[in-house]
There are 2 protein chains.
Amino acid sequence: MRSEHGVSLAYGLLKTLGQSIVTGEFDGKTFPTEAELCQHYGASRTVMREAVKMLSAKGLLSSRQRQGTRIEPVDNWNLLDPDVLRWLMERPFSNKIFREFAQMRLAIEPTAAALAAEVQDKRAIAQIRDGLEAMIATSGDQEAGLQADIDFHVAILKASGNPFFWRLKPLINNALQLSIQLTNQISGHTASIAAHEAVLVAIEHGDADAAKQASEAILRDSLKLIETVK
Amino acid sequence: MRSEHGVSLAYGLLKTLGQSIVTGEFDGKTFPTEAELCQHYGASRTVMREAVKMLSAKGLLSSRQRQGTRIEPVDNWNLLDPDVLRWLMERPFSNKIFREFAQMRLAIEPTAAALAAEVQDKRAIAQIRDGLEAMIATSGDQEAGLQADIDFHVAILKASGNPFFWRLKPLINNALQLSIQLTNQISGHTASIAAHEAVLVAIEHGDADAAKQASEAILRDSLKLIETVK
DNA sequence: GTGGCAATTTTATATGACAAATTTCACACG
DNA sequence: CGTGTGAAATTTGTCATATAAAATTGCCAC
């Protein structure tokens, strides 16, 4: 999806610069001027400015005439932007942010599951079931199993009917895809098919409380797993 | 904060175009080409492209050579970007999104309050108290009272120690500031000072469960208020 | 030393030119 | 009549250069 993002110079610079910023490559130094950036990366001012503007839109940079471009305080970075979160999670020693993200999921997904039980969006619920069945079917294949796990969780967000929950899809996608590097295992999904099924059944039965409990159980487990990683 | 965003041409176009997109001004029509946009808004290609790139960074647009620029499906809009959410809430008939946002707060803030009770960040807790006291002190002044209410809630997010929660600050700021237009009243904060105090006290006592319950009570009330608006 | 003016630095904007990608269209050929 | 092939057209992507505007720095007069 959106493969063109990788190819154009502007999007390439977006990624390169974004990663450099979050990994702290510019810490201490003053951020380069446009001219220096162009020189360093061999790009024209046009594309460099477009990249800087995109990073500004994500809260990482800000520019002012005569003063130059600065890296914004981390508090202003838009953590909830898929690119930003991905860059943060890709860098070494990212345990902390994985843990914090898991904690946020723990706040959101059980509520989403409860809502899904109330809303009863049949099509979306069918997608949750598809995810679960794919998890079962792919219990051998790690790669496909992870994707099925992801599909299951994001389908619940969709079934909640709330677009704010649904919008976490790309974040969860990134986080779970990358979490393997951290835990060296597929978030234990094969072990927890029963737990996942409990969520689905509760949603299908319209039992909001049970759905919430079951979802919470899954996430507490995965949070526990992440917390074992030092 | 960031006053320059209002003045420069690029940021002006960002806002104008962003609002036009979310209010559906381009629905049905094909999105204009760069040349047409420049013509229409009297801007140079340089700034127009920078504005389009920023909107692309927020998920509203995407461009491809020869094919032109298109508005992305709503599902791809980054709802969790402060600008995008603000544009959506500013448009007429935005009840739905206010309700959905309140629902998300209901998932997050009680968890944040519980975490705050556990973490015991003294400085952040002091800010929660500051917010509450400002709410009491400003019970006459609507404007200041709202700001105090906002400060109270975002201070809890900060006290949770989780940057994902903390990142909701600008969203909540926007939402509460704008909610007056919707409900024609200051989210009933004067009436609920006791409820707010209950949250603070629970956090100070390190009682996570009580903090969660009390926070949930406040948010259920404000959600109820929003739901009365047709 | 102090106020103000001038020089300097850096981003902001404008314009023109060409490159690259992708669709459209016409034409030749079977 | 279909079909593929290549040329033309369209639109964004990239580059280079010039000028404007803002804000800092420094100098100079008083």
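In what follows, every chain begins at residue 1, and chains take the letters A, B, ... in the order their sequences are listed.
Projected onto DNA chain D by closest heavy-atom contact, A:E50 and A:R66 fall at different nucleotides, the more 5' of which corresponds to A:E50. DNA chain C is contacted by both A:P32 and B:Q67; A:P32 maps to the nucleotide lying nearer its 5′ end (nearest heavy atom per residue).
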- Task: Run the numbers on A:L168 and B:L80 for side-chain contact (heavy atoms from CB on, under 4.5 Å), then give the verdict.
- Result: CA-CA 9 Å; A:L168 296 175; B:L80 300 165; 3.9 Å; yes
- Please test A:E109 against A:S215 for side-chain hydrogen bond (donor to acceptor under 3.5 Å, both in side chains), starting from the C-alpha separation and ending with a verdict. CA-CA 7 Å; A:E109 289 193 42; A:S215 167; 5.1 Å; no
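Note: CE (A:M48) to P (D:dG13) measures 17 Å, nearest angstrom. Rounded to an integer number of Å, the gap from A:L61 CG to C:dT11 C1' is 13 Å.
For A:S8, whose side chain is taken as the heavy atoms from C-beta onward, the closest listed nucleotide among D:dT12, C:dA21, D:dT14 is D:dT14. Side-chain atoms of B:V47 lie closest to C:dT13 of the nucleotides D:dG13, C:dT13, C:dT10.
A:L60 has its side chain out of reach of A:L17: every pair of non-hydrogen atoms, C-beta onward, lies at least 4.5 Å apart.
For A:Q39, the CD atom is loosely surrounded, since the number of other residues' heavy atoms within 6.0 Å does not exceed 12. Atom CD of A:Q120 sits in a crowded spot, with more than 12 heavy atoms from other residues, nucleotides or ligands closer than 6.0 Å.
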Distances under 3.5 Å only, N/O to N/O: pair up the protein atoms with those of nucleotides 17-19 of chain C.
residue : atom : partner : partner atom : Å
C:dA17  : N6   : B:R45   : NH1          : 3.2

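A sub-4.0 Å separation between OP1 or OP2 of D:dG13 and a side-chain N or O of B:K53 is present. Between C:dT10 and A:S63, no contact under 4.0 Å exists linking OP1 or OP2 to a side-chain N or O. The side chain of A:R49 places an N or O atom within less than 4.0 Å of a non-bridging phosphate oxygen (OP1 or OP2) of C:dA12.
At the heavy-atom level, B:T46 lies under 4.0 Å from base atoms of the strands shown.
The two residues A:T138 and A:A148 come nearest to each other via the heavy atoms OG1-CB, 4.4 Å.
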